[in-house]
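Just so it is clear, the structure is predicted and the values come from calculations on it, not from any experiment. Values below: all heavy atoms of this structure, side chains included; hydrogens, waters and symmetry mates excluded.
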Amino acid sequence: MVLVAVFGAALLVAVLLSGLAARTVLSTSLLFLLGGALVSDGFLGLIHTSPDSEIVSVTADLALFAVLFTDGMHVSFAKLRANWRNPARALGLGMPLACVGMALITHYLVGLDWTTSFLVGAVLAPTDPVFASAIVGRKEVPARLRELLNVESGINDGLALPVVLILIAAAGPTSAHAEASFGKIALELGLGLAFGVLLPLLVNGLVRFRLLGAEPKLQPLLPLTTGVILYAACHLTHANPYLAAFSAGAVLAAVSPESRKAFEPLGESLAEIAKFAALLVFGALLTPQLFGDLSVGGYVAVLLAIVLVRPGSLLLSLWGTRIDRKQKLVAASSRELRHDHDGPEGAEVTVRHAAGWKHESAGPAPRQGSGRVRTASVPSTL
């Protein structure tokens, strides 16, 4: 109950400071990380949590599913068709450049093998649309820049997820086991994509029957029930729940915009709560020893990732476009700010990796460097 009490207190403070956080660079996510760290074994010792604890995998699993489901709803196929060039450069060139850049500095400065280094790069390269929404909603921001940030931040999670899972399989204990897991992961990704596409279509078809239909005040629950059924179906069949969540959100937004609009306030709130819970548990894993284990080269790698690799990759991807220099700099800097607010995407993957990536569809645990992956990823995620 100590963890519940700390979560309630941190949630209250976060809500009270949310207005200030929206106008400044203050991150409410940091409150939950600090709250979890404060009561952990490394400080007050009120709770005892390890990467193998069930609460770690459960909260990370739920939060990542919820975040990806709501992220998918930010995907607008109409906007993507009309304004695809700049977001395509940011996604097709900027995100791979960030992944490669982080892999290089992680390999040479931290000493991880190439496969694990690229895994760290793939985990930390994509960003989240939560902070981007604060920019996209401002009328003083040029429309071209808003469209770029909105599309790029909305779909990068879905693009990076298969790469992360494949790299986890490649980092398995033996090459034969890794080869076998590639087919398993491909099957699970395919099932997840199929569930994510078909279930929203089925629900949307049922709603269109003459005798069926949701009452207006209950309409926000329709996407929620879709997500709950999807989550259970994926875990029962070992389909990948994360790709299913993202694709379901995108399909739901495309076939039923009214449902997306009705669900958006509730969905964002639920995703925030799940995200904050995961961050609190993640914070409980943070101990002085964890940061003490990181070498000087590791801290240099973190600094380079923050000030050079992430913003630089986006600047390079936008080279030669019609976006002026000032807007490019804003986009690059906002990308790093969005990473600071990205919630559990990087943190959860790091925690799940540290716990051996227990989910059935995730493949085997990496063969080496799990502790160094934590120490390399955690400060950069923070």
Side-chain angles (χ1 to χ4, degrees), residues 57 60-69 71-72 75 77 88 91-92 95-96 98-100 103 113-126 154-202 226-227 229-252 254 345-346 348-370 373:
S57 59
D61 188 46
L62 286 170
L64 195 52
F65 183 90
V67 168
L68 288 170
F69 187 65
D71 277 5
V75 177
F77 294 107
L91 292 166
M95 194 165 65
C99 178
V100 171
D113 64 273
W114 281 113
T115 303
T116 312
S117 296
F118 274 101
L119 174 59
V120 173
V123 166
L124 297 178
I155 66 177
N156 54 19
D157 285 328
L159 294 178
L161 180 62
V163 178
V164 170
L165 295 177
I166 290 172
L167 286 171
I168 289 174
T174 63
S175 59
H177 192 83
E179 290 175 2
S181 67
F182 283 133
K184 181 182 178 182
I185 285 181
L187 176 61
E188 290 164 349
L189 288 173
L191 283 174
L193 181 62
F195 284 165
V197 172
L198 295 177
L199 184 58
L201 292 177
L202 175 62
T226 303
I229 294 172
L230 182 64
Y231 181 81
C234 287
H235 281 273
L236 289 173
T237 61
H238 303 300
N240 186 275
Y242 311 127
L243 186 60
F246 188 85
S247 56
V251 171
L252 186 63
E345 281 87 346
E348 286 170 24
V349 175
T350 304
V351 172
R352 296 177 68 81
H353 184 283
W357 201 276
K358 290 184 177 181
H359 190 271
E360 297 87 343
S361 64
R367 60 177 175 271
Q368 63 170 319
S370 179
V373 169

Minimum-distance pair of heavy atoms, taken over all atoms of [X] and [Y]:
X: Glu188; Y: His238; result: CG-O, 2.9 Å
X: Val164; Y: Leu119; result: O-CD1, 3.8 Å
X: Ala239; Y: Gly192; result: CB-N, 3.7 Å
X: Phe195; Y: Leu230; result: CB-CD1, 3.7 Å
X: Ala248; Y: Phe69; result: CB-CE1, 3.9 Å
X: Ala125; Y: Cys99; result: CB-N, 4.0 Å

Distance (rounded to the nearest 0.5 Å) between Tyr242 OH and Leu64 CG: 5.5 Å
Could you tell me the separation between the CG atom of Asn240 and the CG atom of Leu191, rounded to the nearest 0.5 Å? 9.5 Å
So, using side-chain contact (heavy atoms from CB on, under 4.5 Å) as the criterion, who are the partners of Val251 when residues are at least two apart? Val197, Pro200, Leu201, Val255
Go through the structure and list residues passing side-chain contact (heavy atoms from CB on, under 4.5 Å) with Ser247, not counting sequence neighbours. Leu193
Which label fits His235 and Tyr231: parallel for a plane angle under 30°, tilted from 30 to 60°, or perpendicular past 60°? tilted
